[in-house]
Amino acid sequence: MTVDLSQPGFSTTAEALRLRSWQLGPGQPTLVTDQFTDADFKLVVDDRADVHINSRDGRFYLGWFPTGRPGTDGEGWKLAVTGTARVPGYSVSFDTGTPAQIVAAAVATVLATSRPR
């Protein structure tokens, strides 16, 4: 992209303005859920077909809600890590249309930062 700084306003070329293709749609949730092992995590599928994954120590939670988490406005994924007495935890939410590859990348990053005591 070229920008002419001698003229006020925004200037560019037609080539720089070409349309892009973006990943859309929820994709395959197994890209996310296949990252967990039975040795370290428990997986439960409830009566609504929502999937809940907890770490054995209870500090990590991931929920997948294909039709939206009850009581929310289209929340499809909920990732939460419980904090300690000194450091607060955190949570991240993704809507039902977020591509599973994006959720999988976030989960992989969180899992990579954990370690057994």
Side-chain angles (χ1 to χ4, degrees):
M1 179 166 87
T2 60
V3 177
D4 182 1
L5 299 176
S6 65
Q7 299 290 327
F10 185 77
S11 174
T12 188
T13 64
E15 182 180 300
L17 296 175
R18 69 185 177 279
L19 292 176
R20 297 183 65 91
S21 184
W22 298 94
Q23 182 179 2
L24 299 172
Q28 287 295 331
T30 55
L31 293 173
V32 180
T33 59
D34 285 353
Q35 296 182 70
F36 300 95
T37 63
D38 189 49
D40 296 320
F41 297 91
K42 293 176 12 178
L43 182 140
V44 174
V45 179
D46 67 18
D47 61 338
R48 287 178 22 99
D50 296 334
V51 176
H52 308 275
I53 299 171
N54 294 292
S55 60
R56 298 259 179 210
D57 68 359
R59 295 197 46 221
F60 173 92
Y61 170 78
L62 178 71
W64 176 50
F65 308 91
T67 59
R69 185 175 179 201
T72 68
D73 186 23
E75 184 178 74
W77 296 91
K78 180 69 169 189
L79 183 154
V81 176
T82 303
T84 65
R86 295 181 183 190
V87 180
Y90 58 90
S91 67
V92 179
S93 297
F94 300 93
D95 67 26
T96 55
T98 301
Q101 286 178 300
I102 293 171
V103 179
V107 167
T109 300
V110 171
L111 293 177
T113 64
S114 71
R115 57 190 171 279
R117 287 183 168 207

Taking every non-hydrogen atom, the tightest pair across [X] and [Y]:
X	Y	answer
Gly58	Thr82	O-OG1, 4.2 Å
Asp57	Phe60	OD1-N, 4.2 Å
Thr96	Thr67	CG2-C, 4.3 Å
Ser91	Lys78	OG-NZ, 3.5 Å

Using 0.5 Å steps for rounding, measure from the [atom1] atom of [X] to the [atom2] atom of [Y].
X	Y	atom1	atom2	answer
Lys42	Ile53	NZ	CD1	13.0 Å
Leu24	Thr98	CG	OG1	10.5 Å
Leu31	Ile102	CG	CD1	11.5 Å
Leu79	Phe94	CG	CZ	7.0 Å

> Residues two or more places apart in sequence or in another chain: which of them pass ring pair (Phe, Tyr, Trp, His ring centres under 6.0 Å) with Phe65?
Replying inline: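 Residues passing ring pair (Phe, Tyr, Trp, His ring centres under 6.0 Å) with Phe65: His52.
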> Under 3.5 Å, side chain of Ser55 to main-chain N/O of Arg59, donor-acceptor pair present?
Replying inline: yes
> Backbone N or O of Ala104 within a donor-acceptor pair of the Gln35 side chain at under 3.5 Å?
Replying inline: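 Yes, the answer is positive, given that a donor and an acceptor are paired below the 3.5 Å cut-off.
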With heavy-atom distances below 4.5 Å as the criterion, would you say the side chains of [X] and [Y] are in contact?
X	Y	value
Arg69	Asp50	no
Trp77	Val92	no
Thr33	Phe41	no

> Residues in salt bridge (charged side-chain N to carboxylate O under 4.0 Å, His left out) with Asp38, at least two apart?
Replying inline: Arg56
> Any ion pair linking Arg48 and Asp46 (charged N to carboxylate O, less than 4.0 Å)?
Replying inline: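 Between Arg48 and Asp46 there is no salt bridge, as every charged N stays at least 4.0 Å from the carboxylate O atoms.
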>> Please determine whether side chain to side chain contact (heavy atoms under 4.5 Å, CB included) holds for the pair Phe36 and Leu111, giving the CA-CA distance in whole Å, both sets of side-chain angles, and the decisive distance to 0.1 Å.
In response: CA-CA 9 Å; Phe36 300 95; Leu111 293 177; 3.9 Å; yes
> In the single-linkage hydrophobic clustering (I, L, V, M, F, W, Y; side-chain heavy atoms under 4.5 Å), do Tyr61 and Leu43 co-cluster?
Replying inline: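 No, separate clusters.
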